Peer 1: 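The structure that follows is given in the form of structure tokens.
All values derive from a computational prediction rather than experimental measurement. Here is how names work: the chains are called A, B, and so on, in the same order as the sequence lines, proteins then strands, and each is numbered from 1.
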Amino acid sequence: MKDRPSPFRNALRSSLLAWYDAQARDLAWRVGPADRRSGVRSDPYRVWLSEVMLQQTTVPHATPYFLSFTERWPTVLDLAAVDDGDLMGAWAGLGYYARARNLLACARAVAADHGGVFPDTEEGLRALPGVGAYTAAAVAAIAFDREANVVDGNVERVMARLFAVETPVPEAKPELKALAGSLVTADRPGDWAQALMDLGATVCRPKSPLCDVCPISAWCEGRKTGAPETYPRKTKKADRPRRHGVAYVLTRGNDVALVRRPPKGLLGGMLGLPTSDWRSSPFTDIEAVAAAPVLANWGEVGTIEHVFTHFSLTLQVFRAEGEGDFVWTARERLGALPSVFLKAALAAERLL
DNA sequence: AAGCCGTGGTG
DNA sequence: TCACCAAGGCT
């Protein structure tokens, strides 16, 4: 289909691009269609940084991080020079912390191997740490105006509806990607990618799509079925197990005892509260005290709930005053902790 | 290659 | 309440 430009494709493309010209969201990292027409170029560093932050993350959540990162580190060379701990602390709360480790590795690779300049091809970008098929295509299209097939969850949903694809995801992913590819041309590839994603985010939404205002509804097979919201079809996912653990809030005056977590795995490389192992059953008081990092007059101050991608966690929070070999950190700096530990620390503070 | 890896908003 | 889900990548 890609080699057979059809009237259908051209009309659909024109309609969506016109919609984007009028309705594009104003995003902190975006060079809008009007500015682009007057010659403003995207900064590949900002495009890359925003794309990594947006992986599995909402625009409202990522935006303040993007603003603070670009203020602190205006160029990829600035970022490449950051200490690991500072970077991880700045990323705290955004989640998927492997992204932060790869972000730094990528910045250092660009600095060391590419003279501080991002590769301008999909293939070159794809070779960088933390840059997969989606991000390589997105940066190639948005920053370098390359003809790349940019496929994220939004685009998959739009394609599943537009073509009424009955195959459930994730099985349908290759098919959805091929369908998306059939609509890509050398004309405004960056705007096309962003138009498709804006449409998915604001009109062709997961629930209650706004077909009445959709610029491509005339061509939408899903709408003809009368139930466009039922696409994409999905296979059921397994329910998540629950785990139990103990978090220890050990204080010394205004300081709280933290530990640096192992570099890989859950919350890898982040500072955290000392904890017990996490297991399927709750801890008794005796067990909790026995698993504590130091001897102290431990007392339970409450429990918190937290949901990770593949399990739910109930954390019993114990508190004591004490000493020991820890990363002692002032209360005011607990913003550098992953949310699960911030939640536990605040619970200990509140419930005293 | 299927499982691992966060978080917060939403209906 | 809780399942779903958001500009996915790595192993």
Peer 1: Please name all residues satisfying side chain to side chain contact (heavy atoms under 4.5 Å, CB included) with A/Thr309, sequence neighbours left out, ordered by chain then number.
Peer 2: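 Checked A/Thr309 against side chain to side chain contact (heavy atoms under 4.5 Å, CB included); matches are A/Tyr96.
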Peer 1: List, by chain and number, the other hydrophobic cluster members for A/Phe326, where Ile, Leu, Val, Met, Phe, Trp and Tyr join if side-chain heavy atoms come within less than 4.5 Å, directly or indirectly.
Peer 2: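 Answer for A/Phe326: A/Val246, A/Tyr248, A/Leu250, A/Val259, A/Phe283, A/Val289, A/Val294, A/Trp298, A/Phe318, A/Trp328.
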Peer 1: Of A/Arg331, A/Glu349, A/Glu321, which meets side chain to side chain donor-acceptor pair (under 3.5 Å) against A/Thr251?
Peer 2: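 Testing each of A/Arg331, A/Glu349, A/Glu321 against A/Thr251, the sole residue satisfying side chain to side chain donor-acceptor pair (under 3.5 Å) is A/Glu321.
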Peer 1: Using a distance-only criterion (donor-acceptor N/O pair, under 3.5 Å, no hydrogens), is the base of C/dA6 paired with the side chain of A/Arg99?
Peer 2: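 No, no donor-acceptor pair under 3.5 Å.
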Peer 1: Can you name the side chain to side chain contact (heavy atoms under 4.5 Å, CB included) partners of A/Thr57, sequence neighbours left out?
Peer 2: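 A/Thr57 satisfies side chain to side chain contact (heavy atoms under 4.5 Å, CB included) with A/His61, A/Ala62, A/Leu94, A/Arg99 once adjacent residues are dropped.
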Peer 1: Without decimals, in angstroms, what is the distance between A/Trp29 CH2 and C/dA7 P?
Peer 2: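 Those two atoms, CH2 and P, are 11 Å apart.
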Peer 1: Counting only non-hydrogen atoms, which of residues 130-145 of chain A are less than 4.0 Å from DNA chain C?
Peer 2: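 Close to the strand are A/Gly130, A/Val131, A/Gly132, A/Ala133, A/Tyr134, A/Thr135.
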Peer 1: Please report, rounded to the nearest Å, how far the P atom of C/dG8 is from the CG atom of A/Leu54.
Peer 2: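 After rounding, the gap between these two atoms is 8 Å.
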Peer 1: Which value, in whole Å, describes the distance between the P atoms of nucleotides C/dA7 and B/dC4?
Peer 2: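 Straight-line distance between the two P atoms is 24 Å.
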Peer 1: Please produce a list of atom pairs where a protein N or O lies less than 3.5 Å from an N or O of nucleotides 8-11 of chain B.
Peer 2:
unit_1, atom_1, unit_2, atom_2, d
B/dG8, OP1, A/Ser339, OG, 3.1

Peer 1: Side-chain N or O of A/Lys236 less than 4.0 angstrom from OP1 or OP2 on C/dA3?
Peer 2: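 For C/dA3, OP1/OP2 do not have a side-chain N/O of A/Lys236 under 4.0 Å.
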Peer 1: Can you tell which of C/dT11, C/dC10, C/dG8 lies closest to the side chain of A/Asn102?
Peer 2: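 It is C/dC10.
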Peer 1: Quick one: list whatever passes side-chain hydrogen bond (donor to acceptor under 3.5 Å, both in side chains) with A/Glu171, sequence neighbours left out.
Peer 2: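 For A/Glu171 there are no side-chain hydrogen bond (donor to acceptor under 3.5 Å, both in side chains) partners, ignoring immediate neighbours.
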Peer 1: Could you check A/Lys224 against A/Glu221 for salt bridge (charged side-chain N to carboxylate O under 4.0 Å, His left out), going step by step and ending with a plain yes or no?
Peer 2: CA-CA 5 Å; A/Lys224 292 179 189 167; A/Glu221 295 297 326; 3.3 Å; yes
Peer 1: Any side-chain N or O of A/Tyr97 less than 4.0 Å from the OP1 or OP2 oxygen of B/dT7?
Peer 2: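 For B/dT7, OP1 or OP2 has a side-chain N or O of A/Tyr97 closer than 4.0 Å.
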Peer 1: Which nucleotide, C/dC10, B/dG6, C/dA7, lies nearest any side-chain atom of A/Arg126?
Peer 2: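 Nearest listed nucleotide: C/dC10.
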Peer 1: Could you go through A/Arg72 and A/Asp86, starting from their C-alpha distance and side-chain angles, then the distance that decides it, and tell me whether this counts as salt bridge (charged side-chain N to carboxylate O under 4.0 Å, His left out)?
Peer 2: CA-CA 11 Å; A/Arg72 292 178 71 177; A/Asp86 289 344; 5.4 Å; no
Peer 1: Any side-chain N or O of A/His310 below 4.0 angstrom from OP1/OP2 of B/dC5?
Peer 2: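 So the side chain of A/His310 is within the cut-off, an N or O lying under 4.0 Å from OP1 or OP2 of B/dC5.
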Peer 1: Within less than 4.0 Å of OP1 or OP2 of C/dA6, is there a side-chain N or O belonging to A/Arg157?
Peer 2: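 For A/Arg157, the contact criterion (side-chain N or O under 4.0 Å from OP1 or OP2 of C/dA6) is met.
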Peer 1: Connecting only ILVMFWY residues whose side-chain heavy atoms lie within less than 4.5 Å of each other, what is the rest of A/Tyr231's hydrophobic cluster?
Peer 2: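 Members alongside A/Tyr231: none; it stands by itself.
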Peer 1: Under 4.0 Å, heavy atoms only, any strand: does A/Arg30 hit a base, just the sugar-phosphate, or nothing?
Peer 2: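 Since a base atom lies under 4.0 Å of A/Arg30, the category is base.
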Peer 1: Expressed as a whole number of angstroms, how long is the span from A/Asp152:CG to C/dG9:C1'?
Peer 2: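 Atom CG in A/Asp152 sits about 14 Å away from atom C1' in C/dG9.
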Peer 1: Other hydrophobic cluster members with A/Val117, side-chain heavy atoms of Ile/Leu/Val/Met/Phe/Trp/Tyr under 4.5 Å, chained?
Peer 2: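 Grouped by the 4.5 Å side-chain rule, A/Val117 forms a cluster of one, so the answer is none.
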Peer 1: Does a distance-only test, which skips hydrogens and angles, find a donor-acceptor pair under 3.5 Å between the side chain of A/Thr57 and the base of B/dG6?
Peer 2: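 Looking at the base of B/dG6, it does pair with a donor or acceptor on the side chain of A/Thr57 (distance under 3.5 Å).
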Peer 1: Mind calculating the distance between NZ (A/Lys173) and P (C/dA7) to the nearest angstrom?
Peer 2: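 Distance check: A/Lys173 NZ to C/dA7 P gives 12 Å.
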Peer 1: Taking any heavy-atom pair under 4.0 Å as a contact, classify A/Pro338: base, sugar-phosphate, or nothing.
Peer 2: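 Counting heavy atoms under 4.0 Å across all strands, the contact made by A/Pro338 is with sugar-phosphate only.
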Peer 1: Give one of base, sugar-phosphate or nothing for A/Leu94, where a contact means two heavy atoms less than 4.0 Å apart.
Peer 2: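 The answer is base, as A/Leu94 lies within the cut-off (heavy atoms under 4.0 Å) of a base atom.
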Peer 1: Starting from P on C/dA6, measure out to CG on A/Leu27 and report it in whole angstrom.
Peer 2: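 My rounded result for the distance is 16 Å.
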Peer 1: Starting from C1' on C/dG8, measure out to CD on A/Gln55 and report it in whole angstrom.
Peer 2: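 Whole-Å distance recorded here is 5 Å.
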Peer 1: Measure NZ/A/Lys237 against C1'/C/dC2 and give the value in whole Å, please.
Peer 2: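 A/Lys237 atom NZ is separated from C/dC2 atom C1' by 13 Å.
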Peer 1: Please give, in whole Å, the distance from C/dG8 C1' to A/Lys177 NZ?
Peer 2: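 Rounding to the nearest Å, NZ of A/Lys177 and C1' of C/dG8 are 12 Å apart.
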Peer 1: Side chain to side chain contact (heavy atoms under 4.5 Å, CB included) with A/Tyr134: which residues, sequence neighbours excluded?
Peer 2: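 Expected list: A/Glu51, A/Ala138, A/Val150, A/Asp152, A/Met197.
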Peer 1: Using 4.0 Å as the upper bound for N to carboxylate O, is an ion pair formed by A/Arg36 and A/Asp21?
Peer 2: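 So A/Asp21 does not pair with A/Arg36 through a salt bridge.
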Peer 1: Can you check the distance between C/dT11 and B/dG6, where both ends of the measurement are the P atom (answer in whole Å)?
Peer 2: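 Here C/dT11 and B/dG6 have their P atoms 14 Å from each other.
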